[in-house]
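First up is the structure itself, then whatever we jot down about it.
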Amino acid sequence: MNTGPRKLRHFGAPLLIMLLAASLGWFVQAIGVVAVVFIVVLVKRFGRFEAQLAASTFTVVSALLAPAPHSQFKVDRGFLETALCVACVWVVIVIANNRDSAEKVIRRSKRELREVMDTIPAMVWIALPDGSNLSMNRRWTEYAGLSPTGLGWQAAVHPDDLERHIEAFRKCSAAGVPFEDEVRFRRSDGEFRWFVVAAEPFRDEHGRIVKWYGIGTDIEDRKRVEQELRAAEHEARELLERVPAMISLRTATGITYTNQPIHNYIGVEHQELQGGGWQKYLHPEDQERALANQARSTEEMETMDHLYRLRGADGVYRWFRTIAEPYPSVDGKSCCWYGVTTDIDELYSSRELLRERELQLSLFTENLPAVLFKAAPDGSIVYINQKGIEYGGRTLEDLQQKGWIDLIHPDDIEETTKHWNRMLTEGLGYDTVHRFMGADGQYRWFHTSVAACLDDTGKTIAFHGIMLDTSAQKAAEYAVQQSEHQMQRMMDTVPSSLYSTAPDGKYTFVNKKARDYLGMTLDQIKGWGWVEATHSEEQEYVVKEFKKALGTGSSYSNEHRIRRADGIYHWHLSRAEPLRDEDGQIVQWFGVAIDIDERKRAEDHLRETRVKLARASRIATVAELSASIAHELNQPLTAVIANAQAARRWLLNSPTNFSEAMTSIERVLRDGRVADERMQHIRALFKQQPLRKKHAWPSQIIREAIRFVHEDPKRDEILIDVQIAGHLPPILVEQIQIQEVLINLISNGIEAMESNARTPHLMIRAAFVNESELLIEVIDNGPGLKDTQSIFDAFATTKEKGMGIGLAISRSIIEAHDGQLWAENNPDYGAKFSVKLPCGARSVPHRHLNAEISLAQR
């Protein structure tokens, strides 16, 4: 669209220009040169339209006012000057228009050049002789994401190519010859691709190179194809050189290539075998025949296949077979033959051996203790060995006439026929087991395998089959199945829950007794589903102990509660043993879970009865002990009192009789020692009970003691933190006594924390001290102990109603087990009682311990 009409819509600037031009026309005779200068400025400042508007206005006004009479504003210079000014103005306009047209042509050419450069499907660039870019098309900026000017392009060149590429450009620039190079450029995403860069120099009128015009074309795909071709060529050459066969290339003029195995055998280089040089290594008796075969093959352009003897580097001739296939050239006028030469000396020399082996093979097939047969593609039997004829009682002719389907057991005919028909229609073999009737009319089991024999084109030419008598195996399998069924019935009727797991602990089998008890299917129990039926209070401990056994491979034994189908929990004793293979690796775990709920209830009832008996016994024993102690101590205590009163009287006399007083005091001390000796005698009574020991698990003893304490409603809310180290072995102890010691220590700890402002917290820890000793610690956060030694003395107590014999008896029990019991205060608050027991089956002396006295409170 023209700019004139567009600018006419803006009246301000054109009106002002016309007024100024009219004024200049009025004074043209006075300021003619100034008018011309003004028009030039308009042309420079605005454009063609404004300049033409001003020139037209100036011309009209000047022409109209030129013949007017002279006034005070005009200078009398005539028409000549006015016409000259008008002409100058229009000359300037014409020059300006021509210049604008030339500039537009240049701008349009540059724009078109840029469009051409940007649309070229390659990287186009213009560079200075020093290699710095003046311009690059859009494809470069889109590819590399770098500046199109300067030397920024070098950042996109692969580091391995940069120095070589710059040096090649410098050489071409110095020589003034076209430049071409292959280089890798990095794409904006970091990937390098191959490009071929070509450039032509542009020279000035003096022949100097002022610019380079270049183009870069992506050749990544070509490079990859070239690399693949080079790799394939290298692989092919390596294959030809390393293949364990003699390969040669022959043209009509003779041998042109032989691979390394030929050189190795003959012992000469490639040059000596070229042309007809190889002929001198042929056996003299085979030369004429071999050359005739080669001439015929060359003349008729057909495959050459002939046998001959060739002399090796050791001078010995060996038989070879050469097969050479012709390969026509592109024009079809000539051929080259690719030949493979195979050493057949041993094969050629062993023809008799082959015949012997064929005979042996025939004897083998005829005497093999199996039925061998061969069928044609249509299914007709064309061969059967002697074993098959003897078993079935039918010759080959009988089978071809009568067939063999009637010899199959009626129950197996349908399946066998289906396999046979599928074999004939699809050309596939089959493998089946069926019953086949013999000549005696009896059926026997046979394992029949049939395979298709194919030719080079994949066409079925025959079916080969073998039939193995598996009647004995079938009988054994049936016996095994019966045994398995019987075993399954036995396992399902055993009055215990039987199970097996994989080495990772996931259940793989559970008998019917267990499934009925749990009310769960095998799929629900499989894996770790059985954990859901374990009591919530014992789930974590049971899983931990089971995984520990899985990790160590040791036997697993645990007592815990399992939920019955009706929701009631019963105590069970669960035990499992690993089954290992010949290498000692665990392949499966077998376990049993025995319902011990009645035993547990009986134990609880027995324990309650024992507690009641112990209380009654304690009352009776305390009364008996009191009487005994009173009897034993009455005489020395009476003497002590009498001598003390005598000493007082002697001291109160005036004058004081110190001699008699000292005598009385000596007698007090003597009677006191007598009382102490009698007390020691009473204490010794506690160490005369012989122990009946057996192996018990420390963790089970501790948890039974905790359970017994928690049965007291006043103590079931006390937090007891149990920390038992892994892999603790059984210890040889009198379990009830050790359990009573722990009950006493736990009860003492709980009672010590009753008046405590802190939240009661009792901790029980069990771990190895060394390889032969076990340490059990009972730790409370109560007020602690005033004296950690005297509390173990008999009748020493810190309680208002305590008898003071509980800890004394506890220490007696532990020492009777060759162990130790001691107490100590914690660093911050509370007390810690420690029990150390031997772990091994050490001999323990029989000592007497009054088992009727139960553990009292501390």
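Since this is a predicted model, take the numbers as computed values, not measurements.
Looking at heavy atoms from C-beta onward, Y430 lies out of side-chain contact with K418 at the 4.5 angstrom threshold. For the pair I586 and R580, the minimum side-chain heavy-atom distance is below 4.5 Å. Side-chain contact between D161 and W194 is present, with heavy atoms from C-beta onward closer than 4.5 Å. Within the 4.5 Å cutoff, the side chain of D286 has no heavy atoms near those of the H306 side chain. The shortest distance between side-chain heavy atoms of L273 and K280 does not fall below 4.5 Å. Two residues are said to be in side-chain contact when any heavy atoms from C-beta on lie closer than 4.5 Å; M467 and Y391 fail this criterion. Counting heavy atoms from C-beta on, the side chains of F179 and H165 come closer than 4.5 Å. D345 places none of its side-chain heavy atoms less than 4.5 Å from the side chain of Y317.
Nearest heavy-atom pair across E302 and W337 is O-NE1, 3.2 Å. Between I408 and Y443 the shortest heavy-atom distance is C-CE2, 3.9 Å. Among all heavy-atom pairs drawn from A155 and L146, the shortest one is CB-CD1, 4.1 Å. The heavy-atom pair separating L282 from Y308 by the smallest distance is CD2-CD1, 3.3 Å. Listed here is the closest heavy atom pair of V382 and Q400: CA-NE2, 4.1 Å. Between F463 and A376, the shortest heavy-atom contact is CD1-O, 3.6 Å.
With a 6.0 Å radius and a threshold of 12 heavy atoms from other residues, nucleotides or ligands, E426 has its CD atom above the threshold. More than 12 heavy atoms of other shown residues, nucleotides or ligands fall within 6.0 angstrom of atom CD in E300. Heavy-atom contacts from other residues, nucleotides or ligands closer than 6.0 Å to CG of D456 number 12 or fewer. Around CZ of R321, the count of heavy atoms belonging to other residues, nucleotides or ligands within 6.0 Å does not exceed 12.
Checked by atom type and distance alone, the side chain of R296 never pairs as donor or acceptor with a backbone atom of M304 at under 3.5 Å. Between the side chain of W153 and the main chain of G131, a donor-acceptor pair closer than 3.5 Å is present. Judged purely by atom type and a 3.5 angstrom limit, S135 has no side-chain atom pairing as donor or acceptor with the backbone of I126. The main-chain N or O of I413 is found under 3.5 Å from a side-chain atom of T417 such that the two form a donor-acceptor pair. Of the possible polar contacts, one joining the Q287 side chain to the Q279 backbone as a donor-acceptor pair under 3.5 Å is found. Within the 3.5 Å criterion, the main-chain N or O of I466 finds no donor-acceptor partner in the side chain of S449. A donor-acceptor pair is defined here as one N or O able to donate and one able to accept, closer than 3.5 Å; no such pair exists between the side chain of R250 and the backbone of A324.
Applying the side chain to side chain donor-acceptor pair (under 3.5 Å) test to residues at least two apart or on different chains, the pairs with a partner in residues 207-217 are D204-R208.
Between H434 and T416, the side chains place a donor N or O and an acceptor N or O closer than 3.5 Å (distance only, hydrogens not considered). With no hydrogens or angles considered, no side-chain donor-acceptor pair links S248 and T258 at under 3.5 Å.
Ion pairing between E226 and R222 holds under the 4.0 Å rule for side-chain N and carboxylate O. For the pair D406 and R394, the salt-bridge criterion is met [side-chain N within less than 4.0 Å of a carboxylate O]. Under a 4.0 Å N-O distance rule, the pair R187/E220 does not qualify as a salt bridge.
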Under the criterion ring pair (Phe, Tyr, Trp, His ring centres under 6.0 Å), I'd like the reasoning laid out for Y383 against H464: C-alpha separation, chi angles, the key distance, then a yes or no.
CA-CA 9 Å; Y383 168 78; H464 294 167; 8.9 Å; no
Practice prompt. Apply the test side chain to side chain contact (heavy atoms under 4.5 Å, CB included) to residues V433 and W445: give CA-CA distance (whole Å), side-chain angles for both, the deciding distance (0.1 Å), then the verdict.
Written response: CA-CA 7 Å; V433 177; W445 284 98; 3.5 Å; yes
request  = Could you check V268 against Y281 for side chain to side chain contact (heavy atoms under 4.5 Å, CB included), going step by step and ending with a plain yes or no?
outcome  = CA-CA 11 Å; V268 296; Y281 299 100; 3.2 Å; yes
Working for side chain to side chain donor-acceptor pair (under 3.5 Å), residues T341 and T322 = CA-CA 4 Å; T341 302; T322 297; 2.9 Å; yes
_I'd like to know whether W140 forms a ring pair (Phe, Tyr, Trp, His ring centres under 6.0 Å) with F185, so could you lay out the CA-CA distance, the side-chain angles of the two residues, the decisive distance to 0.1 Å, and finally the verdict._
CA-CA 10 Å; W140 163 260; F185 285 121; 5.6 Å; yes
Check step by step if side chain to side chain contact (heavy atoms under 4.5 Å, CB included) holds for F436 and D469.
-> CA-CA 9 Å; F436 202 79; D469 189 339; over 6 Å; no
**Q.** side chain to side chain contact (heavy atoms under 4.5 Å, CB included) between D504 and L550, worked out
**A.** CA-CA 7 Å; D504 59 357; L550 295 175; over 6 Å; no
Please report the C-alpha distance between H419 and D431 in whole Å, then the side-chain angles of each, then the deciding distance to 0.1 Å, and finally whether the side chain to side chain donor-acceptor pair (under 3.5 Å) criterion is met.
CA-CA 8 Å; H419 285 308; D431 191 282; over 6 Å; no
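For the atom pair CD of Q294 and CD1 of I255, the computed distance is 6.5 Å after rounding to the nearest 0.5 Å. Atom CD of E191 and atom CZ of R186 lie 12.0 Å apart (nearest 0.5 Å). Rounded to the nearest 0.5 Å, atoms CH2 (W278) and CD1 (I266) are 9.5 Å apart. Interatomic distance, L428 CG to T460 OG1, rounded to the nearest 0.5 Å: 8.0 Å. A distance of 6.0 Å separates CD1 in I384 from CD1 in I389, rounded to the nearest 0.5 Å. To the nearest 0.5 Å, atom SG of residue C336 and atom CD of residue E325 are 11.5 Å apart.
Remark: E397 engages T395 in a side-chain hydrogen bond (donor to acceptor under 3.5 Å, both in side chains) (not counting sequence neighbours). Residues passing the ring pair (Phe, Tyr, Trp, His ring centres under 6.0 Å) test with Y265 are F320, sequence neighbours excluded.
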